[in-house]
K.L.:
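Have a look at the structure that comes next, please.
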Number of protein chains: 2
Amino acid sequence: MSATREAVTNQDGAARRPGRRAANAEPYTLASLVEVAAHAFLERGYDATSMEDLSRAAGITKSSFYHHVSGKEALLRGALDRALDGLFGVLGEPDALEGPPVPRLRHIVRRQVEVLATELPYVTLLLRLRGNTETERWALGRRREFDQAVAALVREATEAGATHPGVDPVIAARLLSGTVNSLIEWYRPERVAVADLVDAVERQVFEGLLGGLRPSR
Amino acid sequence: MSATREAVTNQDGAARRPGRRAANAEPYTLASLVEVAAHAFLERGYDATSMEDLSRAAGITKSSFYHHVSGKEALLRGALDRALDGLFGVLGEPDALEGPPVPRLRHIVRRQVEVLATELPYVTLLLRLRGNTETERWALGRRREFDQAVAALVREATEAGATHPGVDPVIAARLLSGTVNSLIEWYRPERVAVADLVDAVERQVFEGLLGGLRPSR
DNA sequence: GTGTGCCGAACGATCGTTCGGTGGGTAGAG
DNA sequence: CTCTACCCACCGAACGATCGTTCGGCACAC
């Protein structure tokens, strides 16, 4: 199928020796191959995707593929790194660190949705992990850190009396994460604009499906 | 490890020839082996779980396992059948068929949560499908039918003016399904009672995390 | 004897990975 | 400039391991 090498953001740490390859082609960086791999993993799942599939998607043979990548797990690791960097970057933003809990929560939810939408294949991979290998367990641990940071904010909000009376902050935080993370199951950038998605998620999470002042039943 | 054969609801269609096996042991029905398989799939994922794993969990060798089950895909099919039967059973209940859209939606959400909680491994399997085989694509098609039935109700509710003004019914339905389905990622029956879960999900879906001025119920 | 539950062994296929080699291009010496 | 030695992206073939599945036979209850 399609070579899938168009317009790769060449964000490889130390640029590969230039001038060696033919002038027209761009080199196979780790990041570009991680991108190819992540899209394949997204479609078929990690286990069901073979290195043969990946190398064919990259346009070279399996053995050539190994010239650029140390192995399958390195591709997974690279994709998970990218996803986790995006998520933890949100937690470090000023609006996520300062102010009352509810506005901070709103900011995190909105930005988290943006990260999910822009880094969709990578985050999808992160959210589908089962913890079968050491790499997967490491990523699951970091993901749990993120969830716990959000859960702490939800608890703050409930203790401040900002939520519905009777809301269990633990369950509420789980449902919050679940709602946001479930985007990966259906969201496709070409169908819905990111800005619309962000607004819709924020409203549904904080105000619910039904109106606040309107009679709900 | 534990044999995992305790108290299996023997709901195998045509009961296996009884009285042949030793008097103390109960036979390996398809349903009981599907249960074993579903729990293993839940932990490690379908592809990462080998028939060796399954047979060992059932307490017999791999070749003996094949004496009772036609193959791996049949176990998947059995589990998916059970999940889909539970979900479509909800759609057929009177409270899901009659009345204004919002109460019907509330009933479906509450009952859907109950089904997810009680049939957790089976529904989890259904929600993690990637569509790699014909069986998986069939199940994904049926699951899409369910989602579309719920989406149609959400659209009815918005057209009746019952929801927030400006709510996109398509996105709202996706988020609704996502919130409910995300239960499989964290819910464990021994930690939270089903009744509490049902109430929490209903409130969060319809009234949101913050909610209006008045108490929800 | 007969049938059934169970098992060890092995099947072909496919997996991720390795290895030796090749061909075209560059860099350096003349 | 030409010649040469080298480098490296790339490839075909094969590795051992593991997969799902099959087969022939053993033991025991009827």
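This one's a predicted model, so the numbers in the text were calculated from it and none came from an experiment.
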K.L.:
Roughly, in whole Å, what's the span from CG in B:Leu75 to P in D:dG20?
P.N.:
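It works out to 11 Å between those atoms.
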
K.L.:
Name the pairs: protein N/O against N/O of nucleotides 19-22 of chain C, kept only if under 3.5 Å.
P.N.:
none

K.L.:
Calculate the interatomic distance between A:Phe65 atom CZ and D:dC10 atom P; express it in whole Å.
P.N.:
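Between P of D:dC10 and CZ of A:Phe65: 12 Å.
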
K.L.:
Going by heavy atoms closer than 4.0 Å, what residues in residues 41-53 of chain B are next to DNA chain D?
P.N.:
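Only B:Thr49, B:Ser50, B:Met51 qualify.
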
K.L.:
Please determine if A:Arg44 and A:Asp53 form a salt bridge, counting it only when a charged side-chain N lies under 4.0 Å from a carboxylate O.
P.N.:
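Looking at A:Arg44 and A:Asp53, the cut-off is met.
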
K.L.:
Whole Å only: how far is the CG atom of B:Leu54 from the C1' atom of D:dT21?
P.N.:
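My rounded result for the distance is 14 Å.
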
K.L.:
Using a 6.0 Å distance limit plus a 45 degree cone around the ring axis, check whether A:Arg174 lies over the aromatic ring of B:Tyr187.
P.N.:
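That pair does not qualify as a cation-pi contact.
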
K.L.:
Side-chain N or O of B:His67 less than 4.0 angstrom from OP1 or OP2 on C:dG5?
P.N.:
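Result: yes.
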
K.L.:
Are any of the side-chain nitrogens in A:Arg144 or B:Glu185 under 4.0 Å away from the carboxylate oxygens of its partner?
P.N.:
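No.
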
K.L.:
Kindly indicate whether the side chain of A:Lys62 and the base of C:dT17 share any N or O donor-acceptor pair separated by less than 3.5 Å?
P.N.:
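Result: at least one qualifying N/O pair found.
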
K.L.:
Calculate the interatomic distance between B:Glu73 atom CD and D:dT21 atom C1'; express it in whole Å.
P.N.:
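Going from B:Glu73 (CD) to D:dT21 (C1'), I get 13 Å.
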
K.L.:
At what distance, to the nearest 0.5 angstrom, does NE2 of B:His68 lie from CG of B:Leu75?
P.N.:
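One finds 12.0 Å between NE2 of B:His68 and CG of B:Leu75.
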
K.L.:
Is the shortest distance from a Lys or Arg side-chain nitrogen in A:Asp95 or A:Arg111 to a carboxylate oxygen in the other one below 4.0 Å?
P.N.:
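Salt bridge absent between A:Asp95 and A:Arg111.
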
K.L.:
When you measure from the side-chain N and O atoms of A:Ser64 to the phosphate of D:dA9, is any distance below 4.0 Å, counting only OP1 and OP2?
P.N.:
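Negative; the distance criterion is not met.
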
K.L.:
Holding to salt bridge (charged side-chain N to carboxylate O under 4.0 Å, His left out), I want the full list of residues that pass it with A:Glu43, two or more places apart in sequence or in another chain.
P.N.:
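For A:Glu43, no residue satisfies salt bridge (charged side-chain N to carboxylate O under 4.0 Å, His left out) once neighbours in sequence are set aside.
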
K.L.:
Please work out which of the three classes, parallel, tilted or perpendicular, describes the rings of B:Tyr46 and B:Phe41, given edges at 30° and 60°.
P.N.:
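If you compare the ring of B:Phe41 with that of B:Tyr46, the planes turn out perpendicular.
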
K.L.:
Can a side chain N or O of B:His68 be found less than 4.0 Å away from OP1 or OP2 on C:dC6?
P.N.:
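Yes.
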
K.L.:
Using atom CZ of B:Arg56 as one end and atom C1' of D:dT18 as the other, report the distance to the nearest whole Å.
P.N.:
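One finds 13 Å between C1' of D:dT18 and CZ of B:Arg56, rounded.
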
K.L.:
When you look at CZ of B:Arg191, are more than 12 heavy atoms from neighbouring residues, nucleotides or ligands closer to it than 6.0 Å?
P.N.:
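Result for CZ/B:Arg191: open.
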
K.L.:
Less than 6.0 angstrom from the centroid, inside 45 degrees of the normal: does A:Arg77 satisfy that with respect to the ring of A:Trp138?
P.N.:
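So A:Arg77 does make the cation-pi contact.
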
K.L.:
Nearest-Å distance, OH (A:Tyr28) to P (D:dC8)?
P.N.:
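About 18 Å, once rounded to whole Å.
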
K.L.:
Give a yes/no answer on whether the side chain of A:Thr61 brings an N or O atom under 4.0 Å of OP1 or OP2 in D:dC11.
P.N.:
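Indeed, a polar side-chain atom of A:Thr61 lies that close.
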
K.L.:
How long is the line joining CD1 of A:Ile60 and P of D:dG12, in whole Å?
P.N.:
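The distance from CD1 of A:Ile60 to P of D:dG12 comes to 12 Å, rounded to the nearest Å.
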
